[in-house]
Participant: 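Before we start, here is the structure in question, set down as C-alpha cells.
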Number of protein chains: 2
Amino acid sequence: MTKRLFDVDPWRIKSTNLDRTDKRLQESLTSIGNGYMGMRGNFEEGYSGDSHLGTYLAGVWFPDKTRVGWWKNGYPEYFGKVINATNFIPVELMVNDRKVDLAIDEVKDYEIDLDMKKGILYRSYTWVEGEKEIRFTFKRFVSVATKELAVVEVTAEVLKGDATIIFIPKMDGNVKNEDSNYEENFWLEMKRVSGEKSSLTTKTIENPFGVEQFTVTTMMESSAENYERREFSEGFMQVEEKITYKLVAGEKAKVTKYVSVLTSRDVQPENQEAVAAEILDQALALGVEAVEAEHIAIWEERWHKADVVIEGDAESQQGIRFSIFQLFSTYYGEDNRLNIGPKGFTGEKYGGATYWDTEAFILPMYLSVADEKVSEQLLTYRHNQLPGAFHNAKQQGLQGALYPMVTFNGIESHNEWEITFEEIHRNSTIAYAIYNYTNYTGDETFLTTEGIEMLVAISRFWADRVHFSKRNNHYMIHGVTGPNEYENNINNNWYTNTMAAWTLRYTLESLKKVSPIVVNELHLKDEETSKWEDIIEKMYYPHDDELNVFVQHDTFLDKDLLTTTDLDPTERPINQHWSWDKILRSCFIKQADVLQGIYYLNDEFTLEEKEANFNFYEPMTVHESSLSASIHAILAAELDKKEKAVELYARTARLDLDNYNNDTEDGLHITSMSGGWLAIVQGFAGMRTFNGKLIFKPFCPENWTEYNFMIKYRGRLLHISVTQETVSVRLEEGEPLDLTLYDQEMVLSDVVESPILFSQTIK
Amino acid sequence: MTKRLFDVDPWRIKSTNLDRTDKRLQESLTSIGNGYMGMRGNFEEGYSGDSHLGTYLAGVWFPDKTRVGWWKNGYPEYFGKVINATNFIPVELMVNDRKVDLAIDEVKDYEIDLDMKKGILYRSYTWVEGEKEIRFTFKRFVSVATKELAVVEVTAEVLKGDATIIFIPKMDGNVKNEDSNYEENFWLEMKRVSGEKSSLTTKTIENPFGVEQFTVTTMMESSAENYERREFSEGFMQVEEKITYKLVAGEKAKVTKYVSVLTSRDVQPENQEAVAAEILDQALALGVEAVEAEHIAIWEERWHKADVVIEGDAESQQGIRFSIFQLFSTYYGEDNRLNIGPKGFTGEKYGGATYWDTEAFILPMYLSVADEKVSEQLLTYRHNQLPGAFHNAKQQGLQGALYPMVTFNGIESHNEWEITFEEIHRNSTIAYAIYNYTNYTGDETFLTTEGIEMLVAISRFWADRVHFSKRNNHYMIHGVTGPNEYENNINNNWYTNTMAAWTLRYTLESLKKVSPIVVNELHLKDEETSKWEDIIEKMYYPHDDELNVFVQHDTFLDKDLLTTTDLDPTERPINQHWSWDKILRSCFIKQADVLQGIYYLNDEFTLEEKEANFNFYEPMTVHESSLSASIHAILAAELDKKEKAVELYARTARLDLDNYNNDTEDGLHITSMSGGWLAIVQGFAGMRTFNGKLIFKPFCPENWTEYNFMIKYRGRLLHISVTQETVSVRLEEGEPLDLTLYDQEMVLSDVVESPILFSQTIK
C-alpha cells in the first residue's frame, strides 16, 4: 500500500527516475522552506502535466468565505487559508524556440536531489532532441541566513549539436488556491516594474471579516554573462526577462536568479521595493557562493544540535532526518506570530496556521531540541490569541475560552460542526502544554502570569460545558469528537473527560502558586472553584471492569469489535474506501484516543493499565492520522513491545517518504514530523520528565547497531548514545544534574554508562 | 413569537396593509400554483425593495454541484434543486415616465387578496403623486383547467388628474436561485421572439452528472384596446412590449396578459413554440371570463370533495382551507413523475422534489380525499425510482435499497452526512406507505407486485445495516439520526429500530401473499429470511422500566432532562438562537420521534404506554419541524388531552399563516399542509383504519360548534359531521360498509347518528 519514490540515503532525497505519474508526490517530498517562505518541488522550467504549483509565505493568509452544505448557528464565517503567493521560481527554457517541458520531452540521466544537510534542491537531466543533447542543471534554496532571499541557478551545457537557448527568469502573481471555496483568485496586482530589477507587488483581495489585507513585493535580478541578448517584459501580474545564448557543443551558460520577498507583515508596502532592492544588492555583491555558504553554515549548526544518528538502518536514518529537516524548514521559532501549519510550505490542504497538533506533538520535541525561548514563544502565541478563544466559546453560547481547532488569529476557522463544535478536547491540550513547558523547564514564570490567565479561562469553559446527569450522579460531557475523528458526536469520551478534569485540577493547583495580585485580577468566585472541585470529584469516566480498560466512550463496547486484521487490505486506508457512516459505526480508530490520555498522564497509570488498554485499542487502530503511530510507538516501547514500537516508528518517521496514507501528494504532514523523534527519544530511549525528574530507560531496536541524540534540559545539553549493549549519557554543557537511568538515581556531571537493562515486568 | 400578516377570513388571505418589512413573508403566503407551475406572490409591476422573486415549474430542476466544507466518501455528487424559471408575471407600469414601485411610492386603499375558493390572487391600490391619483387593480391565476396557461390582468383607472400610463408586459429569463451553491445562473438563452406573440426559450446549463437539460418556452400575448401606442422589444433573455395610454380622470385602461409555458418534460423543444401559440390562441378566443370560469369550476369541484367546514372558529377555518388550497396547488396527482416538494411553488429552500414527508404525512390525507389512483401514483413514483435507491445503498457500501432523503430521480441529493447517511428511518416509511395504502384501500395488487419488490429491497438494506452486538446479544442500529433531527449520530433510536424490525416483519408476512412466480424473481435465499427472523427476534429496543417509556436512544436519559417551560422564550425557536452543538446536547426534540412510532403502529400499544410516552416526550418537544404538531395533536386527542390537541392543531393548521417557526419567508411548509387535516380527521374525529376496520371516535373542540368533512374509503364517499352533542356519518356514495363508531360496530347503509361518547380511561 505504500509508495516509495526516492532512494534510501542518509542525507538525500534523491531519485534518478522522472516519475510523471506521481508528480505531485515528488513535489511534496522535495519542498523546501526557511520558516519565512517556501515552496513545493515545482520545476523551474515549468511542467505542462499534472502538477500542484505552490509557493507560500508564512503568516500571509486569506479568510475564505465558509462553504457548507447547510449553515448551522455558531459556524465560523470564514475558513482561514494559507494562500498560494507569487510564484518566483520559474526560469523557463527555450531551445530553438521549443519550450523545455519534462511532461513530454525526451530526457536521460535525470536526477533530482534534495540535500537535507545543506537545504538545497538540485536537479539535472540531459535533454534530447534528435541528435541534439543539452545538459540542464538546477539548484535552488531559500536562505536561512537571509529569510527574504531565494536563489535559483540554472546551467545549460550543450553536449551534442548546437542550440539557441533562452533562459526566461519570471515571476507570476496570477496564482490560485486549488482549495478556494468559490474559485476566487485571492490576489490583486498593485504594481509591476520591469527592468534589471523586476518586481511585482500584489495584495490580497478585500474581505468582509476585518482580516488585514497583505501586500507582498517580490523582486528578482539575474546574474548572467556572455549572453547574446537580454530583454525585459511584463504583462498582467507577470514580469519576465529573456536571456539568449547561442551555444555549440561543449559550451555552457549559467543564469543565477536572486529573488527577494517582502510582506506587509514586516515591511510597510511603500518601503517594500527599496528593502527588496537592498537585499538583492547585498546578495549580488556577495555572490552565490558566499550566499550559499552562509545558508549551509546555519543548516550545519542546526544539525549539530539536533541530528539523530542511527547506525545500521539506512531507512530509519533517512526518515528521522527528513522529519527534522522539514520541521525546521517550517518553523525555527523566530517569530511568535507564526506557528506550525499542518502542511507548512508544502501544500495548502487543511488551511489554517495552527492546529492542536502544535501543543500535542510538536512542543515536546522543541522543548528538547531548541532553546526554551522557542517553546515559550509557542505558548505566547496562544496567550496572544486568548481574545479569539473567548469569542469561540461565546459563539457556542458558553463561558470561558475555547481554543480553536484551526486558526490564524485565535478565531475558529474550521467549519464542520463535528470538529469545530465538538472536538473540544483541544482546549485541554493548551493547558497541558503550559504544564509540559513548566514541568520540563522548571520555570514557573509563564505559568504564574499569562499561563494562569489561560488556565482559568479554559477551566471556565469546561465548567460550563459539562452537565450534571441527575440519574447517574455524575458530571458528563456529551456531544464530542475525541482524538479519534472516526467517531463523531459521542458521549463521555474517556480522553476528553479525563483531560477536562485534569485541567480543572491543574488550574486549582497552579492557582496556589500565583501571587494574590494576579489572582485578584482573575475575578474568581468561590462558587466557581467549588464547582470545579465538584466536577473533579464527580466526573464520569467510562470503564469496563471485565476488560479492565478505560472505555473510549459510552457505547463503544456495543460495537462490532474487530481488529485491523479483519480488514480487507484493498480497502485501506479506510477513509479513502469507506463511506463516512461506515467508518463512524466501525470500531476502527484513526489515532490514539484513550492511549493519548495514557501518554499524556503517563505517570498516573500502572503498567497493567497501560498494557490492558494498549492490547485492547492498538489492534483496532488504523493509524490513518499522521499523529497516531508515534504515540503508539512510545507506549509500545514502554511495554516492551519492541517489534511493534519499531514498526510504528517506521510508520511515523517515513510516513511521507513511503506515502503510508496515500495522501502525501497534497503536501507533507508537517505537524507529525516530530513523531519519529518522539518515538526514538521517549520511546526507544524511554525519556520521561514527570515531576521534574529526568529519566531514561533505553533500548536499541534489534536492527539498529546504535543511535545518538542530543537533549536540552534545564540549561544543560546532554548527548545520549545507545547501542545494543550499553547506554551512555554525557553532559555536554551546563551544571551537574540528577538523572535516573533505568531505576538508578544518580548525579550526572560528566558521562555515565550503563549496560542496557531495559525490561518491563507486567504483573 | 408568531406573526400574522393577513386578516382572519374563511376563504381569503387578505390584508389592507402594505407591509414592506415582511415582503418575503407576504410573497410566500400569496403563492399560487396549479401542480404544473406556480409562483410566489411577487408584484407584477416590480418591487425595488427586499423581495424573493420565484417562479417554478414542476419537475424542472438542476443538479447543483455539491457544496460541503469537507468531502466525505459516499456523498452525493450534486444537490438537486428546484430552480427559478423565467419570470412571466411582470406587467411593469410607468406613469408619466415614472416607474410604479410600491417599495417607495405613496399609495392608499391598498388591498391584497388571495381567493382560495377560486384560486385567484387579487391586488389593488390607489397610487398617489401630488394631486394625481390612479387606481391600479391586478388579477392573476395559473389555470387548473389548462395547466400551461397563466393569466395576468392589470387595470388602471385615473381618479384624479391625467396621466400617460405605459403597461409593460414582460418575460425575464435572467433569473437566479438564491441558494445556488456557486452563484451560477442555471439557464441559457436558446431563442427569443418579439412581436404580438413574444416568446423566450431557455435551457438549463450543462451538468456533468448525466441529468437531462430542460428546455422551456414561455410565450405571452396581451389583449388591450384603445391604446395610444404599442411597441415590442427584446434584450438578452428578455422580451417585452409597451402599451401606452393617455388617460384623464374617470378613464380606465386594461391589459390582459396571457402566458403559456411549455417544458421539454412534455413537449419536444422544436414543437414548443407551436404548442404555446395554440394554447394562447385558444385562450384568447375564449376570452378571460371563460378561461377564468373553467378554472374556478375545477377549484369548486375540488372544494366540494375536500372542504372541511368548521363552525365557530374562524381562525381554524381559515387555517385548514389554506392548507388544503396550498397542497392542491402543489399536487393533485396528475403526473406520477412528480411529487410533493417541501416548498412546492412557494420557494426554493431545501431543494429536492421529494422527501419522506410525502409518505409519512401527505399520503394518509390523499388516501382519504382523492381517488385511490392518486395515492397509487405516489407509490409508483417510488417504485420507478428503485434503481436510485439501490445506488444509494451501494454508495454507503450496503446491500439492498436505501430510499433517498431528498431526490428528484431516486438518487440521494442531500449532502450532510448526518442526514444523508444517517436519517435512514426514511426507508421504513416507504414500506409503511405500502402497508398504509394496502390496508386503507384493501387492494393488494400493488403490494404483491411492485410493492413486494420494494419491500424485499428495503429489508435487505436493514439486514445489512444492523450489527450484532455480541456483548448484548442484540441486533443494534448505530449511527443514525432519528425523526428528531436535533440529535445526530445516535445509537439505537427506538423509532428507527422499531420500524426497521416492523419492515422485516411486514415483508415476511407479505411474501406469503405473493405468487410463487413473483417470489422466484426476488431470488430470496433461506439464509436471508432466516436472518430477518433472527433480527426481528433479537432487535434491541431501548426501554426504561422506571419511567415506563421507550427511550429515544441509548444515552438519552443521561441528558439534562428539562421541559420547554425551562426555555427562555426569547431564545425560541432554538434553531435560530442556539449553536448546533448546544441543540444536539439538549433534550429538546424537534418533532415526534418515539411518538411518531406510536402514531404509525398505533394499534400495537396500550393507552397506558401512549400516555406515559406522550407525557414524557411532549413537554420536551419544541415543534420546530412543521411535521411535529399534527402527530402530537392526534395522540393528544386520543389521550383525551383536548386542549393540547386543539393548541397543536392551531399550530399545524396556521403554521405559515401565523409564521410560528419564523421561517415562512423562505416559502410555505407544503409537506406539512396535511397536518391540520390529519389533526381533525385522525385527531378530533379519531379515525383509525388498522386491520381493515374503519373506526371513528369523534369529539368536537370546545370552541367549535361543528365541523364537517368527507372521506373516500374503499369505493365509498362518507360525510362526517360532528357537533358538541352528536356525530353523524352519512354514506354519500357506494355500498354499505362496516363501521365502528366509538366502540359500537355497525353497518352503515345511509346515515348513522350517535351522541358524542368520547372518553378515554387510562388505567
Participant: Is Lys72(A) close to Ile583(B) at the side-chain level, that is, under 4.5 Å between some pair of heavy atoms?
Facilitator: no

Participant: With chain B, which of Asn472(A), Asn415(A), Leu398(A) has the greatest number of heavy-atom pairs at distances under 4.5 Å?
Facilitator: Asn472(A)

Participant: Go through Gln576(A), Glu183(A), Gln395(A) and name the one with the most non-hydrogen pairs under 4.5 angstrom from chain B.
Facilitator: Gln576(A)

Participant: Quick one: sort the Trp580(A) and Trp417(B) rings into parallel, tilted or perpendicular, breaks at 30° and 60°.
Facilitator: perpendicular

Participant: Given the options Phe468(B), Tyr75(B), Tyr350(B), which has more heavy-atom pairs under 4.5 Å with chain A than any of the others?
Facilitator: Tyr350(B)

Participant: Give, as side chain, backbone, both or neither, the part of Asn489(B) having an atom under 4.5 angstrom from any heavy atom of chain A.
Facilitator: both

Participant: Check each atom of His478(A) against the heavy atoms of chain B and say whether the ones under 4.5 Å are side chain, backbone, both or neither.
Facilitator: both

Participant: Between Asn575(A) and chain B, which part of the residue has a heavy atom less than 4.5 Å away: side chain, backbone, both or neither?
Facilitator: backbone

Participant: What residue in Met476(B), His414(B), Lys582(B) has the most heavy-atom pairs under 4.5 Å with chain A?
Facilitator: Met476(B)

Participant: Are there over 12 heavy-atom neighbours, none belonging to Lys538(A), within less than 6.0 Å of that residue's NZ?
Facilitator: yes

Participant: Any Lys/Arg nitrogen of Arg471(B) or Glu546(A) sitting under 4.0 Å from an Asp/Glu carboxylate oxygen of the other?
Facilitator: no

Participant: Under a 4.5 Å heavy-atom cut-off, does chain A meet the side chain of Gln396(B), its backbone, both or neither?
Facilitator: both

Participant: Relative to chain A, which segment of Asp544(B) carries a heavy atom at a distance below 4.5 Å: side chain, backbone, both, or neither?
Facilitator: side chain

Participant: Between Asp179(B) and chain A, which part of the residue has a heavy atom less than 4.5 Å away: side chain, backbone, both or neither?
Facilitator: neither

Participant: Working to the nearest 0.5 Å, report the span between NE2 of His474(B) and CG of Asp558(A).
Facilitator: 10.5 Å

Participant: Let me know if Ile490(B) has heavy atoms under 4.5 Å from chain A in its side chain, its backbone, both or neither.
Facilitator: neither

Participant: Heavy atoms only: give me the nearest Gly74(A)-Ser579(B) pair and the separation to one decimal.
Facilitator: CA-CB, 4.4 Å

Participant: Of the backbone (N, CA, C, O) and the side chain (C-beta and beyond), which part of Leu584(B) lies under 4.5 Å from a heavy atom of chain A, both, or neither?
Facilitator: side chain

Participant: Can you tell which part of Phe79(B) gets under 4.5 Å to a heavy atom of chain A, answering side chain, backbone, both or neither?
Facilitator: side chain

Participant: Can you tell me which of Glu422(A), Lys470(A), Lys559(A) forms the most heavy-atom pairs within a distance under 4.5 Å of chain B?
Facilitator: Lys559(A)

Participant: Is chain A contacted by the side chain of Asp560(B), its backbone, both, or neither, given a heavy-atom distance below 4.5 Å?
Facilitator: both

Participant: What part of Lys65(A) gets within 4.5 angstrom of chain B, counting heavy atoms only: side chain, backbone, both, or neither?
Facilitator: side chain

Participant: Given the rule in the side-chain hydrogen bond (donor to acceptor under 3.5 Å, both in side chains) test, do Thr555(A) and Asn491(B) qualify, once you have shown the distances and angles that lead to the verdict?
Facilitator: CA-CA 8 Å; Thr555(A) 58; Asn491(B) 296 334; 2.6 Å; yes

Participant: Nearest 0.5 Å, please: how far is CG in Asn181(B) from CG in Asn181(A)?
Facilitator: 11.5 Å

Participant: I'd like to verify something: which residue of Asn488(B), Thr66(B), Asn73(B) has the highest number of heavy-atom pairs under 4.5 Å with chain A?
Facilitator: Asn73(B)

